[in-house]
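What follows is a set of notes on a single structure, which appears directly below.
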Protein chains: 2
Amino acid sequence: MSHGRCVLIVCDGLADRPLYQLNGSTPLEAVDSLALDEIAGTGICGIMDTLSPGVPPGSDVANLALLGYDPYKVYRGRGALEALGCGLSMRAGDVAFRTNFATVDEDLVVLDRRAGRRIEHAERLEEALKGLSLPDYPDIRVVFKHSVEHRGALVLHGGDLSRMVSSSDPGKRGLKVRMVTPLDDSPEAARTASMANELSRLSYSILKDHPVNADRRKKDLPPANILLLRGPGELPSIESLDEKYGIKSAAVVANALVRGACLSAGMKVIEVPGATGRTDTDTLAKGRYAADNISRFDLIYLHVKGADNASHDGNLEEKMKMVEKIDAMARYILDHVDREDVYVAITADHTSPISLKAHSGDPVPVAITGPGVRVDDVTRFTERACARGSLGRIRGHELMTILMDFLGRVEKFGA
Amino acid sequence: MSHGRCVLIVCDGLADRPLYQLNGSTPLEAVDSLALDEIAGTGICGIMDTLSPGVPPGSDVANLALLGYDPYKVYRGRGALEALGCGLSMRAGDVAFRTNFATVDEDLVVLDRRAGRRIEHAERLEEALKGLSLPDYPDIRVVFKHSVEHRGALVLHGGDLSRMVSSSDPGKRGLKVRMVTPLDDSPEAARTASMANELSRLSYSILKDHPVNADRRKKDLPPANILLLRGPGELPSIESLDEKYGIKSAAVVANALVRGACLSAGMKVIEVPGATGRTDTDTLAKGRYAADNISRFDLIYLHVKGADNASHDGNLEEKMKMVEKIDAMARYILDHVDREDVYVAITADHTSPISLKAHSGDPVPVAITGPGVRVDDVTRFTERACARGSLGRIRGHELMTILMDFLGRVEKFGA
């Protein structure tokens with residue numbers, strides 16, 4: 001028996017608040033988005049608190065929630081997801097940090113938290129950091145990987161570790177690199193903090209006179225002479241989507257952190273050429289991948305960056321353009337999947353008001369079209385139109401259960 | 001001071017999904033149901049997830065929820081509710097199984113999981129099974145009772161028992177009766193599993209040559225020669241409705257499992273002649289009982305089977321007829337209770353789409369009419385009309401608290 005399939009489109013930071021520049025409309029309301037409106041018009045709509053009402057979600061927990069996990073129960077820090085997203089492996093018990101290449105002076109006072117952000121030849125610095133090891137902790141293996149710009153991840157493989165330690169990042173320039181301290185009384189946290197401080201010191205000694213940095217100094221660029229260790233994390237304690245629902249799932253996602261969340265859920269992660277994780281991302285290529293490959297999967301999780309970047313930049317024009325690009329992507333999907341078999345759902349992972357240049361805790365719109373949904377009267381995919389839909393107001397982690405129930409994949413509770 | 005009273009009508013599996021056979025309407029939408037619509041039109045409406053969004057509820061947990069208990073917290077397996085529903089007594093610490101009379105060959109391979117379903121002279125088999133006892137466990141008393149068709153329940157009275165054991169039912173014919181195994185490391189589970197296996201063996205030795213079965217063989221009917229032990233359970237750990245709210249409550253219910261849930265909540269269970277628990281059930285007799293007796297109770301929980309049976313059979317015509325029968329029942333109640341004093345609420349315990357022939361996780365409509373409710377604009381008792389109601393989207397176990405608050409029975413929390 002066929003269970004049906006689902007493409008879930010998650011648009012990063014797409015939802016917004018009414019803007020005076022748009023005479024009180026939101027970008028979604030101001031743009032003619034016929035494909036998005038078709039999903040709403042032929043579907044069941046609602047609004048959704050990715051976490052809970054009024055709480056601005058971070059990207060990692062927002063996507064964990066949309067994958068069907070209650071982040072309040074399963075989230076164990078950003079580092080592990082970032083590390084997975086960078087292509088590092090993580091096992092239960094490992095602890096990972098996300099890292100910044102940063103610039104410090106000899107007193108370890110931070111001069112630039114991102115070492116100028118653009119780091120050429122970062123691969124040579126990464127190579128040098130392969131020398132990181134902890135002679136006092138011979139059972140611990142240290143792995144570092146650079147991702148993009150100043151960013152990277154560092155994993156401690158081994159045992160008796162804890163994510164309950166502080167960050168070494170002072171958060172702004174002019175302050176000294178912080179001592180990492182344990183955040184609870186466990187010996188594991190004390191041990192992990194001491195390792196982190198040792199690694200911080202070692203990274204400086206390895207990087208400070210590295211030829212890449214000598215070269216940067218010559219060019220008047222801030223040297224990338226230390227690793228700041230941030231966001232310690234362990235793997236979320238979750239069953240994979242396959243284990244939970246018996247499905248084959250893929251995630252089309254360019255962003256490392258979201259990729260990490262999808263990998264932690266056991267999904268196959270697809271890199272689509274042209275998908276950049278920025279506003280210039282080729283959304284149509286992503287939509288084409290999803291439509292052309294949905295027959296191979298039960299679920300494709302299609303994450304689209306861009307709108308969030310525009311919001312963080314306060315760039316309304318770019319955000320409106322992203323709505324148009326997402327609409328064109330949705331058009332392609334609607335026109336190229338078997339609508340008798342494939343559910344198409346669309347939502348945002350959080351609201352990112354242009355006016356705030358940051359995430360807010362407003363709910364997001366959600367719409368689901370497909371066989372047997374209780375089509376309601378909502379005809380537009382917007383923050384306010386969807387608030388009148390038959391789904392009512394749901395929580396982020398409930399959406400996946402609702403979709404999987406349409407696919408006949410949720411076990412009955414009770415007899 | 002009078003608190004008011006309430007008739008809560010729970011229609012098993014009444015909610016559905018839009019059906020192409022009805023041009024995209026649901027059965028509730030397609031039938032003119034003036035009494036149901038009067039409850040909606042003069043009441044406050046909403047939608048309700050009996051458990052949580054997208055989770056298909058079993059009958060036992062669904063009714064526990066509608067009685068006001070959070071099944072995720074209190075449910076401890078089906079067996080105990082089934083046993084209560086069959087008229088057996090259960091105490092804390094007892095473990096019960098629901099049972100099937102089944103047909104096995106000499107190698108205990110299951111030939112028919114229901115022994116032909118129709119078991120004449122089952123009372124004689126029940127009498128023979130009074131001989132069941134566990135010489136190795138002299139502190140344990142074994143009680144078996146037949147209910148209808150191939151069904152029954154078996155209770156282990158005593159101590160140091162656990163419901164954390166598997167079932168002996170292989171789930172389909174052609175497979176051997178399963179060894180019952182402990183599902184956790186407790187000595188209680190190991191002990192209970194060993195008892196269950198002994199009882200399984202004993203039931204075969206008692207039944208295999210029983211005259212009833214000799215007779216069945218002569219008539220070419222499959223012998224009812226073993227008990228399959230299924231759905232081990234203990235009593236839910238709940239306060240009775242009386243303890244919780246200080247009310248006198250009755251349940252009008254024909255189905256054994258739902259009757260068990262009501263008994264576990266300490267309700268008086270009423271058997272109304274003509275109520276069969278099937279589509280031929282005399283709904284009007286049930287409605288008449290409720291209307292004529294509500295003055296003796298604070299709450300009558302009126303459970304109506306039928307629509308769910310029709311859904312499981314994929315029989316749309318029967319389901320539409322059930323809507324009409326339920327409407328006639330509601331008409332009688334509305335016309336024969338004191339509307340100044342009696343709240344009438346109606347809902348379903350879960351959605352049972354005709355298209356699935358099974359329970360789904362879609363929400364159900366709910367409507368409450370009575371003094372002081374915030375009457376909204378909803379004029380029809382349907383899945384989609386109620387989604388626009390003032391109750392919004394609530395959880396199953398919250399409904400009873402809302403009703404009891406109308407009755408002035410919910411204690412203030414805080415000062």
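The structure displayed is predicted, hence computed values, not measured ones.
Between the CD atom in B:Glu383 and the OG atom in A:Ser390 there is a gap of 10.0 Å [rounded to 0.5 Å]. Atom CG of B:Asp49 is separated from atom CD1 of A:Ile394 by 9.5 Å, given to the nearest 0.5 angstrom.
Of the two parts of B:Ser360, the backbone and the side chain both hold a non-hydrogen atom closer than 4.5 Å to a non-hydrogen atom of chain A. Using a 4.5 Å cut-off between heavy atoms, B:Ser59 touches chain A through backbone and side chain atoms alike. Heavy atoms closer than 4.5 Å to chain A are found in both the backbone and the side chain of B:Tyr72. Neither the backbone nor the side chain of B:Leu19 has a heavy atom closer than 4.5 Å to any heavy atom of chain A. Proximity to chain B involves both the backbone and the side chain of A:Leu391, based on heavy atoms less than 4.5 angstrom apart.
Summarising the local packing, CD of A:Glu243 is surrounded by more than 12 heavy atoms from other residues, nucleotides or ligands at distances under 6.0 Å. No more than 12 heavy atoms of other residues, nucleotides or ligands lie within 6.0 Å of NZ in A:Lys268, so this atom counts as exposed by the packing criterion.
Counting heavy-atom pairs closer than 4.5 Å to chain A, the top-ranked of the candidates B:Arg384, B:Arg388, B:Arg78 is B:Arg384. Per-residue counts of heavy-atom pairs under 4.5 Å with chain A were compared for B:Leu81, B:Leu64, B:Asp362, B:Leu51; the largest is that of B:Asp362.
Between the B:Asp60 side chain and the A:Gly414 main chain, no donor and acceptor come within less than 3.5 Å of each other.
The side-chain heavy atoms of A:Phe413 and B:His359, taken from C-beta on, include no pair separated by under 4.5 Å. Using a 4.5 Å heavy-atom threshold, the side chains of B:Pro53 and A:Thr401 count as separate.
Annotation: residues 363-382 of chain A contacts chain B through A:Gly372, A:Val373, A:Arg374, A:Val375, A:Asp377 [non-hydrogen atoms, separation under 4.5 Å].
Between A:Asp405 and B:Arg17, at least one side-chain N (NZ, or NE/NH1/NH2) sits under 4.0 Å from a carboxylate O, which counts as a salt bridge.
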